[in-house]
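What you are looking at is a predicted structure, and each value in this text was computed from that prediction instead of being measured. Just follow the structure's listing: the first ligand is 1, and inside any ligand the first atom is 1.
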Amino acid sequence: MTLNFPPVCLIVLCGASGSGKSTWARRHFLPSQLVSSDQCREMVVDSAASQSANDDAFALFHQWIALRLKNRRLTVADSTALKPGARDRLIALAQEARVPVVVVAFDVPLDEAIRRDSLRTERSVGEKVVTRHRATLEQALRELAKDTRLAALHVLTPEQQDTVTVQTTPGAVAAPAFDVIGDVHGCLPELKSLLTKLGYDHESTHPTGRVPVFVGDLADRGPDSPGVLRFVCDLVAADKALFVPGNHDDKLFRMLQGGKVQRTHGLDLTEEQLLGMPEKERERLTLDILAYLAPQPVHLVLAEGRLAVAHAGIRDDMLGQSSDFITRFTRFGDVRGFAPDGMPLRHDWAAERENGDSGPLICYGHTPQDEIRFVNNTVNLDGGCVFGGFLAALRFPERELVTVPAEHAYAERRGGSAPAE
Ligand code: UTP
Ligand code: MG
């Protein structure tokens, strides 16, 4: 059995003392991802076993978790979380940070929990406490099963504790081939037609195992940005597609997190479309976008290094690296200043690429093209669909172009794409 967790989420452990929560968490997560109430006790009063400063220890526990979630870090809350109030507090922290909550409950029979507790050298709580905890767990399991605030609930038996594997990042995509898809900008009908033309079935599965790769800018200006986001998010969450965020996606993520962003360049329309959704669906979509799309890397190197994908492109010396500078480059391209009207002054990094044939094919988008051309083993796949152009995909390794025309010009093209903000 494999437990799949969103790349950013709060994992709340729940179980009696001695049931093996900390042991399990240490096995599957980085030390920095674990926040335990015991460690907080130790930090406050030098002893993990001391109950003398519980309020202070839990104040630290909650503050530590809140800060990690604000920074969008996967966090495992290691406490017993047996009482409804304790879980409510953790769930509220996650909701405030718009991070999904997954509960992992440890259903260990009483005699086994007592045995495990008695074997502990560092801190044993005793039979009475374990028995009380075990009784509370029964009630907690009933409540958890009905708790609609959770993205998932996993109840582990002692055997499963030993055997489950954990996945927190999208699976390594060992696809035989890829279909790299240009800027969609809310053009859901064209996206569906393109996938059909590429040979994907109604469940977006390809008979030969090909995988779609989106170059970013899923939303803004087009007729159904929420529909495109829902669709791509589901594929990415199921490891059926890859996605690199573009500048429009990044701005959308910041808006959904409650950040201050200008509703320009089509984000106003996306917001309007989102507000037109039933509240529950919108909330679900927001959480899923932030959990699955927002954490995706800004560039991908695929097919054993023969294919690279980044929204506005990438230079060979940046491949496999990460920095704020590279992130900016992949979002906006090689921008070296601004014209008096605010439009970016771009360098043509693709035209300047040297020895392109010895490097990967670099697929990107960002700036609409009237016609798709290969330049030094790079290709811009933005067919300006939302402006009445076409939606393009490149089959890799075949290097065949597949396009569908826009059903409408959904927006008027003025001057260029969004300035770097
Ligand atoms: P833990 O110390 O991991 O339990 O394991 P816990 O649930 O986190 O307990 P509290 O809430 O912090 O008090 C308890 C003992 O059980 C053993 C561990 O080695 C440890 O001594 N254990 C754990 C097993 O024997 N098998 C397991 O699968 C897990
Ligand atoms: Mg523990």
Side-chain angles (χ1 to χ4, degrees), residues 1-3 5 10-65 68 74-91 93 101-141 143-144 150 153-168:
M1 181 168 72
T2 299
L3 303 186
F5 296 100
L10 175 64
I11 300 171
V12 175
L13 307 185
C14 173
S17 189
S19 56
K21 301 181 296 296
S22 306
T23 308
W24 182 83
R26 277 194 294 269
R27 193 183 305 157
H28 295 290
F29 297 93
L30 297 172
S32 57
Q33 294 174 321
L34 308 180
V35 179
S36 90
S37 51
D38 283 343
Q39 198 179 350
C40 291
R41 288 195 183 91
E42 201 169 341
M43 285 161 87
V44 174
V45 290
D46 301 313
S47 158
S50 170
Q51 303 287 323
S52 70
N54 246 342
D55 288 353
D56 292 343
F58 273 92
L60 177 59
F61 182 64
H62 294 134
Q63 179 69 5
W64 187 353
I65 291 169
R68 285 189 57 83
L74 184 143
T75 302
V76 181
D78 180 7
S79 63
T80 55
L82 289 167
K83 295 197 183 125
R87 293 192 298 276
D88 288 348
R89 187 66 213 275
L90 292 169
I91 292 168
L93 293 176
V101 183
V102 180
V103 170
V104 180
F106 291 73
D107 193 3
V108 176
L110 178 61
D111 50 353
E112 175 64 9
I114 292 173
R115 190 188 70 82
R116 288 182 182 186
D117 176 62
S118 68
L119 291 176
R120 288 200 282 195
T121 46
E122 76 289 1
R123 177 183 57 89
S124 165
V125 297
E127 193 172 324
K128 240 170 86 185
V129 173
V130 177
T131 307
R132 179 160 46 82
H133 282 180
R134 178 63 229 186
T136 324
L137 178 70
E138 299 297 332
Q139 174 68 17
L141 288 175
E143 286 162 0
L144 283 166
L150 309 182
L153 166 68
H154 304 294
V155 182
L156 299 182
T157 63
E159 296 72 42
Q160 287 169 333
Q161 274 181 48
D162 281 338
T163 55
V164 285
T165 52
V166 160
Q167 195 176 308
T168 57

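- Side-chain rings of His154 and Phe5 approach one another, their centers coming within less than 6.0 Å.
- Below 30°, between 30° and 60°, or above 60°: for Phe61 and Phe58 the angle between ring planes is above 60°, a perpendicular geometry.
- Numbered from 1 in the order shown, with element, the atoms of ligand 1 that lie under 4.0 Å from a heavy atom of Gln161 read 28 (O), 29 (C).
- Counting heavy atoms from C-beta outward, Arg116 and Thr23 have side chains that stay 4.5 Å or more apart.
- Here's the thing with Glu122: none of its N/O atoms is less than 3.5 angstrom from an N/O atom of ligand 1.
- Counting backbone and side-chain atoms alike, Ser36 contributes no N/O/S atom closer than 2.8 Å to the Mg ion (ligand 2).
- Only the backbone of Ala16 comes within contact range of ligand 1, with a heavy atom under 4.0 Å; no side-chain atom does.
- Side-chain contact between Arg132 and Val129 is present, with heavy atoms from C-beta onward closer than 4.5 Å.
- Judged purely by atom type and a 3.5 angstrom limit, Arg26 has no side-chain atom pairing as donor or acceptor with the backbone of Leu34.
- Scanning the protein heavy atoms around atom 2 (O) of ligand 1, the nearest turns out to be Arg120 NH1, 3.0 Å.
- Any N or O atom pair closer than 3.5 Å counts here, and Ser17 shares at least one such pair with ligand 1.
- In this structure, the side chain of Arg134 does not engage the main chain of Asp111 through any donor-acceptor pair within 3.5 Å.
- Which parts of ligand 1 touch Ser22 is read off a 4.0 Å heavy-atom cut-off, strictly below it: atoms 3 (O), 6 (P), 8 (O), 12 (O).
- Under the 4.5 Å side-chain criterion, counting only non-hydrogen atoms from C-beta, Leu144 is in contact with Arg87.
- The shortest N or O to N or O distance between Asp117 and ligand 1 is not under 3.5 Å.
- For ligand 1, the atoms sitting less than 4.0 Å from at least one non-hydrogen atom of Asp162 are 28 (O), numbered in the order shown with element in parentheses.
- Protein heavy atom in closest approach to atom 12 (O) of ligand 1: Arg123 NH2, 2.9 Å.
- What sits closest to atom 9 (O) of ligand 1 on the protein, heavy atoms only, is Gly18 N, 2.9 Å.
- Taking 4.5 Å as the limit, some side-chain heavy atom of Asp38 sits within range of a side-chain heavy atom of Arg41.
- Shortest contact from atom 11 (O) of ligand 1 to any protein heavy atom: Lys21 NZ, 2.7 Å.
- Here the heavy atom of the protein found nearest to atom 28 (O) of ligand 1 is Arg116 NH2, 3.4 Å.
- Among protein heavy atoms, atom 1 (P) of ligand 1 sits closest to Thr23 OG1, 3.4 Å.
- For Glu127, the CD atom counts as loosely surrounded, since its 6.0 Å shell holds 12 or fewer non-hydrogen atoms of other residues, nucleotides or ligands.
- A heavy-atom separation below 4.0 Å is not found between Val125 and ligand 1.
- In this structure, the side chains of Arg115 and Leu119 come closer than 4.5 Å at one or more pairs of heavy atoms.
- Residue contacts with ligand 1 for Asp38 involve side-chain atoms from C-beta outward but no N, CA, C or O (heavy atoms, distance under 4.0 Å).
- With no hydrogens or angles considered, a side-chain donor-acceptor pair links Ser124 and Asp117 at under 3.5 Å.
- Here the shortest heavy-atom pairing between Gly20 and Phe106 reads O-CE2, 4.1 Å.
- Of the candidates Ser79, Ala49, Ala25, Gly20, it is Gly20 that places a heavy atom closest to atom 4 (O) of ligand 1.
- For ligand 1, the polar-atom distance check against Arg27 finds no nitrogen or oxygen pair separated by under 3.5 Å.
- Interface atoms of ligand 1 facing Ser19, defined by a heavy-atom separation under 4.0 Å, are 4 (O), 7 (O).
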